[in-house]
Number of protein chains: 2
Amino acid sequence: MSGVTNTKRPHETAIGLSKADLSTPSLLLDLDVFDANLQKMAAHVKSAGIKLRPHAKSHKCVEIAQRQIGAGALGVCATTIREAEALAAAGIPAILITSPMVGANKVRRLIELTRDHPDAISVVDNHAHVEQLSAAAAAAAVTLNVLVDLDLGLHRTGIASVKEALSLADLIVRLPNLNLRGVSAYSSMSAHIVGYGERRVHSLNAMQPAIELMQRLKRRGVSAEILSGGSTGTYNIDTELDGMTELQAGSYIFMDVDYRVIGGKSGPIFDDFGPSLTVMATVVSKSHSGFATVDAGFKAFATDRPFGPDLRGVTGCTYHFAGDEHGILELADPGLDLGFGDRLEFIVPHCDPTVNLFDRIYCTRGHTVEAVWPICRGYD
Amino acid sequence: MSGVTNTKRPHETAIGLSKADLSTPSLLLDLDVFDANLQKMAAHVKSAGIKLRPHAKSHKCVEIAQRQIGAGALGVCATTIREAEALAAAGIPAILITSPMVGANKVRRLIELTRDHPDAISVVDNHAHVEQLSAAAAAAAVTLNVLVDLDLGLHRTGIASVKEALSLADLIVRLPNLNLRGVSAYSSMSAHIVGYGERRVHSLNAMQPAIELMQRLKRRGVSAEILSGGSTGTYNIDTELDGMTELQAGSYIFMDVDYRVIGGKSGPIFDDFGPSLTVMATVVSKSHSGFATVDAGFKAFATDRPFGPDLRGVTGCTYHFAGDEHGILELADPGLDLGFGDRLEFIVPHCDPTVNLFDRIYCTRGHTVEAVWPICRGYD
């Protein structure tokens with residue numbers, strides 16, 4: 001109770017503590033489940049003869065990227081320049097930035113990143129951007145690796161058609177200081193289709209333009225050795241595609257409510273990978289029979305899905321968001337044994353934007369904190 | 001373009017830059033609008049003869065709290081122990097933590113905070129918690145200031161009735177090392193009621209139990225000098241209440257889409273305070289007529305409301321979330337002049353959880369960055 005404990009931030013002394021000693025809300029990673037997820041994906045891509053460049057936007061964590069590389073991944077994907085810089089500075093190889101790096105600030109940083117890490121890759125989807133990148137790279141005497149980003153129908157990023165993509169590829173080949181490495185094609189609309197069979201049909205169809213683009217680039221003699229795409233939802237579907245060279249799946253290491261409900265090959269819950277990630281909260285108010293309030297709300301769980309988190313190991317209650325720092329558990333059975341001060345763990349609604357709310361992950365085995373891993377979140 | 005610029009993080013050299021030189025997405029604060037909001041609220045509470053303890057959960061920013069104190073606030077509110085610790089360490093006085101601090105970790109830190117800052121206050125809503133706090137405070141030879149938190153109907157936190165609150169107050173007075181200071185009563189359900197008239201009726205009714213509790217405490221001879229509550233939505237309503245001693249409004253410094261649509265005394269847009277806070281984004285893909293994609297998605301805007309951000313200064317387009325790092329602008333007029341690489345500023349959907357996504361606020365006057373203020377976000 002003395003003031004001496006104030007000299008260290010609480011997380012700095014967390015290793016070896018029990019989970020019960022942590023403040024709440026805290027982000028927890030069950031290392032046994034995490035390790036099993038890592039190994040399962042590694043074995044899958046090995047047997048399928050495809051490469052894995054898992055998406056680090058899910059975790060933004062050097063320690064996790066290191067373990068993915070250790071399990072055989074050739075590199076990782078990133079979405080922001082800050083993620084890429086942090087991962088590269090820690091020695092993570094072969095970073096593919098899957099969003100276009102647009103504007104003077106990001107172009108400059110992409111060039112600096114590539115100067116130090118010549119295996120970095122980014123994506124392009126229009127002529128103006130390609131011309132800007134070429135000019136800036138030439139001025140800096142750096143060669144940028146690029147993939148042509150192909151829109152598969154969402155109209156988010158990506159060039160609109162195979163025909164336009166071929167024209168863009170021609171421009172890349174023609175311009176100085178650019179190295180065309182292949183194609184990026186992510187079918188985000190396929191990832192969360194409920195039902196393995198429906199998802200399989202959707203993804204295999206959605207990816208056809210990308211397969212066609214790769215074939216036509218090869219027929220023209222354009223070097224295009226990479227076709228990158230795929231999600232955790234399609235990890236055992238896209239491996240059927242002839243021409244897909246690598247998977248970008250990210251969520252498989254954590255899982256979340258969003259992915260669990262899409263169903264797997266073998267049943268209504270997609271449990272090929274286990275839910276390793278939870279947010280631990282405390283019952284901080286219990287004034288009403290039928291309700292219990294926990295200290296985890298908008299700032300502890302992603303709110304981008306139309307559902308909240310799932311309380312792990314307890315049935316008969318539903319979480320409702322109740323502001324920045326609170327959620328209200330509605331108890332179907334008012335006698336459900338949830339008392340003031342109880343610690344609860346929740347499977348998160350959507351892993352990527354939930355991880356982004358925390359500064360660190362408390363890694364546990366059983367009840368003990370074994371490691372604390374920083375999360376490189378936010379923007380510069 | 002040389003690697004030398006890599007030695008500093010980009011924000012460290014941002015002062016004096018143009019907004020156009022920043023990376024995107026970035027959180028911007030228009031200092032002229034912010035200053036006007038600060039002064040308007042200060043004048044309002046002064047003329048109403050009520051105190052202001054603005055909620056720092058909106059900004060988590062020492063520099064903003066300092067300016068609120070400078071403009072006459074008696075202290076600030078906080079929601080988490082980490083916010084309270086960071087603000088107190090920077091010299092912000094009279095911090096009221098409006099959420100119950102439950103569990104050994106938070107109780108220990110609340111005691112340490114109070115040892116160094118005897119004007120800190122927190123809230124309680126049940127007997128078990130009061131007994132725990134008293135025992136821990138007695139063991140540490142510290143006296144904790146507490147308010148009785150009264151539930152006004154949301155069933156989030158707060159004791160359920162005036163009668164139970166009186167019993168809790170008796171316990172607080174009886175137990176050692178606790179100092180009952182008054183009542184906390186926040187009507188979150190009133191804050192966003194559309195229409196000033198409807199909102200006024202709702203809030204004045206909702207607050208009646210709190211007014212009654214204060215009166216009954218005084219009749220019993222219990223010292224209870226504080227009745228804290230109110231929101232930006234009710235800032236000019238709750239000042240009518242006889243017995244309300246201070247306002248907790250937080251969002252008024254920033255504003256957001258959520259508050260603008262509730263309507264003000266004088267019209268359908270609540271513009272008593274100006275929107276000072278924006279997220280700046282870049283058009284990073286423009287492959288389709290009728291759509292433009294910006295680099296700001298789930299990780300740059302709060303997603304807890306059923307609407308996205310509003311593009312400032314441009315009409316005829318609607319933002320749709322499109323993943324972690326992107327949003328798609330749907331252009332009612334496909335000829336709307338939004339091109340690849342354009343910089344756009346968005347009024348945020350909900351300010352508190354949006355601020356929580358960024359590490360810093362770039363403060364601007366006109367087009368120039370005048371200051372960069374850190375945000376103390378996340379948890380320990």
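Keep in mind that the numbers below use all heavy atoms, side chains included, and drop hydrogens, waters and symmetry copies. Sequence lines set the chain letters: A, B, ... in the order given, protein chains first and strands last, and positions in each chain run from 1.
- For B:E83, the part lying near chain A is the side chain, with the backbone staying farther off; criterion is any non-hydrogen pair under 4.5 Å.
- With hydrogens and angles disregarded, no donor-acceptor distance shorter than 3.5 Å links the side chain of A:T293 to the backbone of B:T157.
- Taking the six-membered ring where the residue is Trp, B:F298 and A:H350 present perpendicular rings, their angle passing 60° and hence far from 30°.
- Heavy-atom pairs under 4.5 Å with chain A were tallied for B:G158, B:A128, B:G103; the largest tally goes to B:G158.
- Contact of B:A292 with chain A is not made at all, since no heavy-atom distance falls under 4.5 Å.
- Only the backbone of B:L22 comes within less than 4.5 Å of a heavy atom in chain A; its side chain stays farther off.
- In terms of heavy-atom proximity, B:R156 sits nearest to A:G323 at NH1-CA, 3.8 Å.
- Shortest non-hydrogen contact noted between B:S23 and A:K106 is OG-CE, 3.6 Å.
- Atoms CZ and CG, from A:F340 and B:N126 in turn, are 4.5 Å apart once rounded to the nearest 0.5 Å.
- With respect to B:D359 and A:R377, no salt bridge is recorded, no charged nitrogen being found less than 4.0 Å from a carboxylate O.
- Summarising the geometry, atom OG belonging to A:S285 is positioned 9.0 Å from atom CD1 belonging to B:I159; distances are rounded to the nearest 0.5 Å.
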field: Stepwise side-chain contact (heavy atoms from CB on, under 4.5 Å) check, A:T79 with B:D324
entry: CA-CA 9 Å; A:T79 325; B:D324 286 337; 5.9 Å; no

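- Taking CD1 from A:I81 and OG1 from B:T24, the interatomic distance works out to 11.5 Å, rounded to the nearest 0.5 Å.
- At a 4.5 Å heavy-atom cutoff, B:V142 makes no contact with chain A through either its backbone or its side chain.
- Salt bridge status for A:R108 with B:D21: absent, with no side-chain N to carboxylate O gap under 4.0 Å.
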task: Might you work through the side-chain contact (heavy atoms from CB on, under 4.5 Å) test for B:D380 and A:R360, ending with a clear yes or no?
output: CA-CA 9 Å; B:D380 261 342; A:R360 59 194 65 85; 2.6 Å; yes

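- Among all heavy-atom pairs drawn from A:V102 and B:V283, the shortest one is CG1-O, 3.9 Å.
- A salt bridge does not link B:D125 with A:K286: every distance from a Lys NZ or Arg NE/NH1/NH2 to an Asp or Glu carboxylate oxygen is 4.0 Å or more.
- In terms of the ring pair (Phe, Tyr, Trp, His ring centres under 6.0 Å) criterion, residue partners of B:F291 (sequence neighbours excluded) are, by chain and number, A:H155.
- Neither the backbone nor the side chain of B:D149 comes within contact range of chain A, judged by heavy atoms closer than 4.5 Å.
- At least one side-chain heavy atom of B:Y379 sits under 4.5 Å from a side-chain heavy atom of A:K299.
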message: Could you go through B:V284 and A:M101, starting from their C-alpha distance and side-chain angles, then the distance that decides it, and tell me whether this counts as side-chain contact (heavy atoms from CB on, under 4.5 Å)?
response: CA-CA 7 Å; B:V284 295; A:M101 295 290 98; over 6 Å; no

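- Both the backbone and the side chain of B:L357 come within contact range of chain A, each with at least one heavy atom under 4.5 Å from a heavy atom of that chain.
- Interatomic distance, A:I97 CD1 to B:E325 CD, rounded to the nearest 0.5 Å: 11.5 Å.
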Test log, rule side-chain contact (heavy atoms from CB on, under 4.5 Å), inputs A:E164 and B:S287: CA-CA 10 Å; A:E164 291 173 78; B:S287 295; over 6 Å; no

